[in-house]
Undergrad: 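Input: one structure, supplied below.
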Amino acid sequence: MTNPPLIEDYALIGDCETAALVGRDGSLDWLCFPRFDSPACFAALLGTPEHGRWRVAPEAEVREVRRSYRGDTLILETTFVTGEGEATLVDFMPIRDGAPNLIRVVVGVRGTVRMRSDFAPRFDYGSATPWTRLDHGGVVAIAGPDTLHLRTDVPQTLDGWAASASFEVKAGDRVDFVLCWYPSHLPPGAETDPRAALEATEAWWREWSGRCTYRGEYRDAVVRSLITLKALTYAPTGGIVAAPTTSLPEHIGGGRNWDYRYCWLRDATFTLTALLQSGYTEEARAWRRWLVRSVAGKGDELHIMYGVAGERRLPEMELPWLPGYEDSTPVRIGNGAYDQFQLDVFGEVMDCLHLARHLGLDSEDDDWRIERELMARLERVWQEPDEGIWEVRGETQHFVHSKLMAWVAFDRAIKDVERFGLKGPVDRWRALRETIHAEICEKGFDPELNAFVQSYGSKELDAGVLVMLEVGFLPPDDPRLAGTIEAIEQTLTKQGAFVDRYRTESGVDGLPKGEGAFLLCSYWLADNYALMGRADDARRVFEALLAIRNDVGLLAEEYDPKARRQLGNFPQAFSHLGLINTAWNLEGPRREKFERARA
């Protein structure tokens, strides 16, 4: 029995409405149609090939595999080397104009290679075996509301509930496979020309990535992260999912497995900053509009996350028929954190909208009215304990990061009144801002540890407080910040670069202990170094993080420095946002423009 693929063995393809993961072995093991959060029709990622996959690979033993994206695009090229020759598998999804398509092209490079396609879709996360039949020009698989139509010139053979084909490619040969999804009660759409689709997809991505304004020494990494972020965008609404997957574990064999195919308000400022700094004004504007539409309404009804179109109910359930990635159960869909009380989201939303105003993004008529409603609720609830940035499933706490972001909300609201002539109870907000600041410094700082701690009265550290400097709570030369960084270096940091969120052994999150280093927190450490003038330390951490990307430049949510492997959902927007923003933080003049927005 072969070992299962590592998380970093996968690469991403997508059409800005959904995405697929393709392994180094040519197996497409994860795909949800037609949206990111739709039920998967290939779910081998969280189980076995019996839960759905589509593998295209040589029949003979593969001696070498080389992978890369075609330039600054999301077109994946996997070259297989056998004893008889070489063949390249080209995987991509055209930007959608109607029904979604996924295209796989096999190109002969050298010698003669016998290839095999094994097409075994399983709808509803591997629980629904489709009725599969041969059709002129391919295979049709139907179950419930879903149809997959595989079109190809290669003759297919039905084997039970799957289809397979064996074929040869010589140097210069090309074999096309076009997979289309459509609702089972509707007829198929127009056929897609795979050659024209490849040309159009390449041109689209090259034009998009060519607009990147970052010209620093880390341009390749920044552009790849921006492409990944764009691929996680749901184009019809502008929402951006945290990741295209669910239940990839934060601890192998453990239960820290969550569905990330939704949009978190917490990502707002990080996303807006990354996009605007890099020249993507339209994407930033679309994200901001999604944000405002989603939070519109009564402040008491605010959620911390939403569906890609702003859906508010994301009930969590378990899928017992899936054994999980490397037996990490349970596999979950939906996310029960959607109705948690997380105080910090008020600060993230207000910071995002303040930054947008400062940098010239047009406001909608109701924006300030919505913000005023959020501030009214924050005035009522800022003193309450919450579940915090890490969405604990234990007891609520007075988390220092949560109180910090409440301070940010009042600070940005005050500045919006002062700078843009908006109306609000600014004197009351100033008093609350001062009260919160004093309370954090009194109750959130431990003199014995010489550090800001996780929650009031706690002796535990939390990497969430690393955003203090970035949001302008204290100046870079404040000794309490230096002490906090030193404590985090000694307690939460592994190998000098990889930062844990907090000690899971403390039990604060109500979950079994154990997880990897959180990559966004590691970028925050580099940001602190950069903002404090410790440029060498910032680059050291940043380059250590660059080194753990997989062969096509992708990052999951976490990393295990001991096992040297990635963990958590993949690829993770937070990690790539961190990379982009830290690269910009290493560029002094550009960084200063965004610092002034918070001054």
Side-chain angles (χ1 to χ4, degrees), residues 249-258 260 264 266 304 328-330 332 335-337 340-345 383-406 439-468 480-481 483-525 528 556-563 567-569 572 574:
E250 298 167 12
H251 179 69
I252 299 298
R256 294 172 179 262
N257 318 316
W258 315 109
Y260 276 13
W264 269 255
R266 185 167 293 115
I304 60 96
S328 302
T329 56
R332 297 180 173 96
N335 197 309
Q340 283 189 351
F341 174 52
Q342 297 175 18
L343 189 61
D344 63 296
V345 298
Q383 292 176 297
E384 296 179 10
D386 73 325
E387 278 94 355
I389 181 176
W390 308 128
E391 302 180 349
V392 300
R393 300 203 173 192
E395 293 184 8
T396 58
Q397 308 280 337
H398 290 283
F399 289 107
V400 172
H401 176 270
S402 297
K403 305 302 185 187
L404 169 67
M405 297 311 295
E439 182 180 285
I440 291 171
C441 292
E442 177 189 353
K443 298 182 179 180
F445 184 81
D446 186 296
E448 292 182 3
L449 295 175
N450 192 30
F452 287 97
V453 291
Q454 183 174 61
S455 60
Y456 290 172
S458 171
K459 291 289 186 181
E460 295 292 331
L461 298 174
D462 191 312
V465 302
L466 287 173
V467 302
M468 270 188 179
R480 290 168 293 185
L481 285 179
T484 301
I485 290 173
E486 182 178 358
I488 287 174
E489 289 170 335
Q490 294 174 355
T491 306
L492 298 181
T493 305
K494 302 169 183 174
Q495 298 181 11
F498 304 108
V499 181
D500 292 340
R501 297 185 292 175
Y502 51 88
R503 288 192 328 112
T504 59
E505 296 85 351
S506 70
V508 68
D509 57 18
L511 298 166
K513 66 179 181 180
E515 66 173 12
F518 202 79
L519 296 183
L520 181 62
C521 295
S522 305
Y523 285 112
W524 286 346
L525 179 61
N528 274 263
E557 181 181 34
E558 299 183 359
Y559 181 71
D560 182 343
K562 185 176 181 180
L567 296 171
N569 284 303
Q572 176 76 10
F574 248 5

Undergrad: Whether the side chain of Q340 engages the backbone of V392 through a donor-acceptor N/O pair (distance < 3.5 Å, no angle test) should be reported.
TA: yes

Undergrad: Do the non-hydrogen side-chain atoms of I440 and Y456 ever get within less than 4.5 Å of each other?
TA: yes

Undergrad: Under the ring-ring contact (aromatic ring centres under 6.0 Å, His included) rule, collect the residues that match up with W264, sequence neighbours excluded.
TA: Y260

Undergrad: Restricting to ring-ring contact (aromatic ring centres under 6.0 Å, His included), what partner residues turn up for H251, sequence neighbours left out?
TA: none

Undergrad: Y523: which residues meet the ring-ring contact (aromatic ring centres under 6.0 Å, His included) condition with it, sequence neighbours left out?
TA: none

Undergrad: Angle class for the F498/Y559 ring planes (parallel below 30°, perpendicular above 60°, tilted otherwise)?
TA: tilted

Undergrad: Using atom types as modelled and distance alone, determine if a side-chain donor or acceptor of S328 lies under 3.5 Å from a backbone N or O of G253.
TA: yes

Undergrad: Compare all side-chain heavy atoms of Q572 with those of L519 and state whether any distance is below 4.5 angstrom.
TA: no

Undergrad: Does K562 have any side-chain contact (heavy atoms from CB on, under 4.5 Å) partners at least two apart in sequence or in another chain, and if so, which?
TA: D560

Undergrad: N257 side chain to P330 main-chain N or O, any donor-acceptor pair under 3.5 Å?
TA: yes

Undergrad: Report yes if the side chains of H401 and W390 come closer than 4.5 Å at any heavy-atom pair, otherwise no.
TA: no

Undergrad: Have a look at I488 and tell me which of D500, D462, T493 forms a side-chain contact (heavy atoms from CB on, under 4.5 Å) with it.
TA: T493

Undergrad: Evaluate the side-chain proximity of K459 to E448: yes if any heavy-atom separation is below 4.5 Å, no if none is.
TA: yes

Undergrad: Could you work out, with salt bridge (Lys or Arg N to Asp or Glu O under 4.0 Å) as the rule, every residue matching D344, not counting sequence neighbours?
TA: R266

Undergrad: Tell me if a side-chain donor or acceptor on S402 pairs with a main-chain N or O of L343 at a distance below 3.5 Å.
TA: no

Undergrad: Name all pairs fulfilling the salt bridge (Lys or Arg N to Asp or Glu O under 4.0 Å) condition that reach into residues 512-523, sequence neighbours left out, sorted by first residue then second.
TA: R256-E515, R501-E515

Undergrad: Determine yes or no for a side-chain-to-main-chain donor-acceptor pair under 3.5 angstrom, with E387 supplying the side chain and F341 the backbone.
TA: yes

Undergrad: For residues Y502 and V508, determine if any side-chain heavy atom of one lies less than 4.5 Å from a side-chain heavy atom of the other.
TA: yes

Undergrad: NE2 of H398 to NZ of K403: how many Å apart, nearest 0.5 Å?
TA: 5.0 Å

